[in-house]
Amino acid sequence: MTKYLRLARITAWPASLFSFAVGFGTGATEWTNWEDTLFGLLAVFSFFGFAFALNFYSDRDVDRYHDGWQRDVKLSEQPLLTGEVTERECRIFCLLTFILAIAFAWLVSGLVALLMLGACLVGGILYSHPSIRFKGKPMADIACMSSLSTLLFLAGYAVALGKMPNWPLLLFFSIFSAIVYIPTVVSDYQYDARAGIRTSAVVFGQRNLLKAMMFFCVCALPVAWLIVSGPYPIGAKTCIVIACVASSILAIIAWRSLKPPHLVMPVLSRYSREAITSFGVIALLFMCWGIFRLYCHSYIPWDPFL
């Protein structure tokens, strides 16, 4: 059982829950159903198992070149390389978790099932499958991860409220996801280049990709202004402002920290596991906030993002 938990990369689940948790936390009301919340969580956890296992399978040759920890795991010791899990076992595991993700989501609603199917296609098959592998194609890698984060956000929101939020919030979340993901592509440059994988950093160069990161920061500002100046609750506006400030600081730090081919960001690189843990804590807080609102909706003046 332990080997399959390692294959599913369970240590990355708390941080990976961030997008779903933010969507759930912002959409939850006193009408949110407990059963829907449970099945929604089971669906997203099944998706994580599918996506991480497929990524391990696709990267089994690349990970041999990795000589250290990548956030929560030492890639050179992933289960397919240590022999704990065979390729056949991994394929079966991917199929089962894919089915479970869609099945659990369907128990919530057809909309959540459709969103989870999209997450499996974008964040699993398109991103990692060896015959497609958008992870190794310039710009497609960033577009995939940005789209995945948005789909998980929508899934969390739909689990809580049963419908979709409006477009400014979706657009901002997509841009923000791209900004956060770019440094990971830049930091993996030397391993991807050694393995012959044409990621955005390999094709366009690390410095140029960080310039694109700053461009996205600028693009996020007018979208953020639509939200801050619009009919949104103060809590939502505060989160948007914090996200803009945080993404700008991240872009500046990444720019100053790049010493090609290395990207060693202060604190984040040295304490990468702690940084990942902090994302998990934030995700847990959003989930707890959503559950709290199930009981306190009448006392908290917060209108969902309709």
Side-chain angles (χ1 to χ4, degrees), residues 11-12 14-19 21-22 66-75 135 138-150 152-153 171-194 197 199-225 227-228 237-286:
T11 52
S16 302
L17 188 62
F18 179 83
S19 298
V22 171
H66 209 290
D67 56 3
W69 287 82
Q70 187 188 58
R71 293 171 285 279
D72 62 294
V73 67
K74 193 171 185 178
L75 293 179
K135 181 180 181 179
M139 297 312 297
D141 49 358
I142 298 172
C144 258
M145 286 297 98
S146 176
S147 299
L148 172 62
S149 294
T150 304
L152 292 179
F153 172 84
L171 182 56
F172 180 85
F173 200 83
S174 297
I175 298 173
F176 178 75
S177 299
I179 293 170
V180 173
Y181 181 67
I182 284 176
T184 68
V185 180
V186 175
S187 64
D188 287 342
Y189 168 84
Q190 57 184 324
Y191 309 111
D192 294 329
R194 192 185 309 171
I197 301 176
T199 63
S200 295
V202 173
V203 173
F204 299 115
Q206 292 172 290
R207 187 66 70 182
N208 287 332
L209 201 58
L210 292 182
K211 290 179 181 178
M213 182 181 180
M214 293 183 174
F215 174 75
F216 285 137
C217 287
V218 174
C219 291
L221 294 179
V223 184
W225 176 251
I227 299 172
V228 171
K237 296 178 181 181
T238 301
C239 289
I240 293 298
V241 171
I242 292 174
C244 284
V245 173
S247 59
S248 299
I249 292 174
L250 180 65
I252 294 171
I253 292 175
W255 181 268
R256 294 174 61 88
S257 300
L258 180 62
K259 302 293 185 291
H262 303 288
L263 176 65
V264 182
M265 301 178 68
V267 181
L268 294 179
S269 294
R270 184 175 182 181
Y271 301 102
S272 59
R273 299 176 74 178
E274 289 78 3
I276 289 297
T277 300
S278 66
F279 270 94
V281 171
I282 295 172
L284 179 61
L285 290 175
F286 268 103

Which atom pair, heavy atoms only, marks the closest approach of Ala193 to Val202?
N-CG2, 3.9 Å
Compare all side-chain heavy atoms of Val241 with those of Val228 and state whether any distance is below 4.5 angstrom.
yes
With rounding to the nearest 0.5 Å, note down the distance linking NZ in Lys237 to CD1 in Ile242.
14.5 Å
Could you give the distance from CG (Leu210) to CD1 (Ile253), rounded to the nearest 0.5 Å?
12.5 Å
Correct closest heavy-atom pair for Ala12 and Ser16 would be O-OG, 2.7 Å
Taking side chain as C-beta onward, heavy atoms only, is Met213 less than 4.5 Å from Leu250?
yes
Approximate separation, where rounding is to 0.5 Å, of Met214 CE and Ile182 CD1
10.5 Å
Heavy-atom donor-acceptor pair, Ser19 side chain to Phe153 backbone, under 3.5 Å
no
Heavy atoms only: give me the nearest Thr11-Pro14 pair and the separation to one decimal.
O-CD, 3.7 Å
Please lay out, stage by stage, how Asp141 and Thr199 fare under the test side chain to side chain donor-acceptor pair (under 3.5 Å).
CA-CA 7 Å; Asp141 49 358; Thr199 63; 4.8 Å; no
dist Cys244:SG -> Ile175:CD1 (nearest 0.5 Å) comes out at 9.5 Å
To the nearest 0.5 Å, what is the distance between OG (Ser177) and CG (Leu148)?
8.5 Å
Answer yes or no: does atom CH2 of Trp255 have more than 12 heavy-atom neighbours from other residues, nucleotides or ligands under 6.0 Å?
yes
For a quick test of reading the model, state the closest non-hydrogen atom pair linking Phe173 to Ser149 and the distance between them.
CE2-O, 3.4 Å
As a quick check of understanding, evaluate side chain to side chain contact (heavy atoms under 4.5 Å, CB included) for Val180 and Met145, giving each step before the final call.
CA-CA 10 Å; Val180 173; Met145 286 297 98; over 6 Å; no
Are Ile179 and Cys217 packed together at the side-chain level, in the sense that at least one heavy-atom pair is separated by less than 4.5 angstrom?
yes
Please determine whether the number of non-hydrogen atoms from other residues, nucleotides or ligands lying under 6.0 Å from atom CZ of Arg207 exceeds 12.
yes
Mutual orientation of the aromatic rings belonging to Phe172 and Phe176 [parallel < 30°, tilted 30-60°, perpendicular > 60°]
parallel
Can you tell me how far CD of Gln190 sits from CG of Leu263, rounded to the nearest 0.5 angstrom?
10.5 Å
Ser146 side chain vs Ile142 backbone, donor-acceptor pair below 3.5 Å
no
Is there a donor-acceptor pair under 3.5 Å between the side chain of Gln206 and the backbone N or O of Pro261?
yes
Give the intermediate values and the outcome of side chain to side chain contact (heavy atoms under 4.5 Å, CB included) for residues Tyr189 and Leu209.
CA-CA 11 Å; Tyr189 168 84; Leu209 201 58; over 6 Å; no
Does the plane of the ring in Phe286 sit parallel, tilted or perpendicular to the ring in Phe18? Use 30° and 60° as the thresholds.
perpendicular
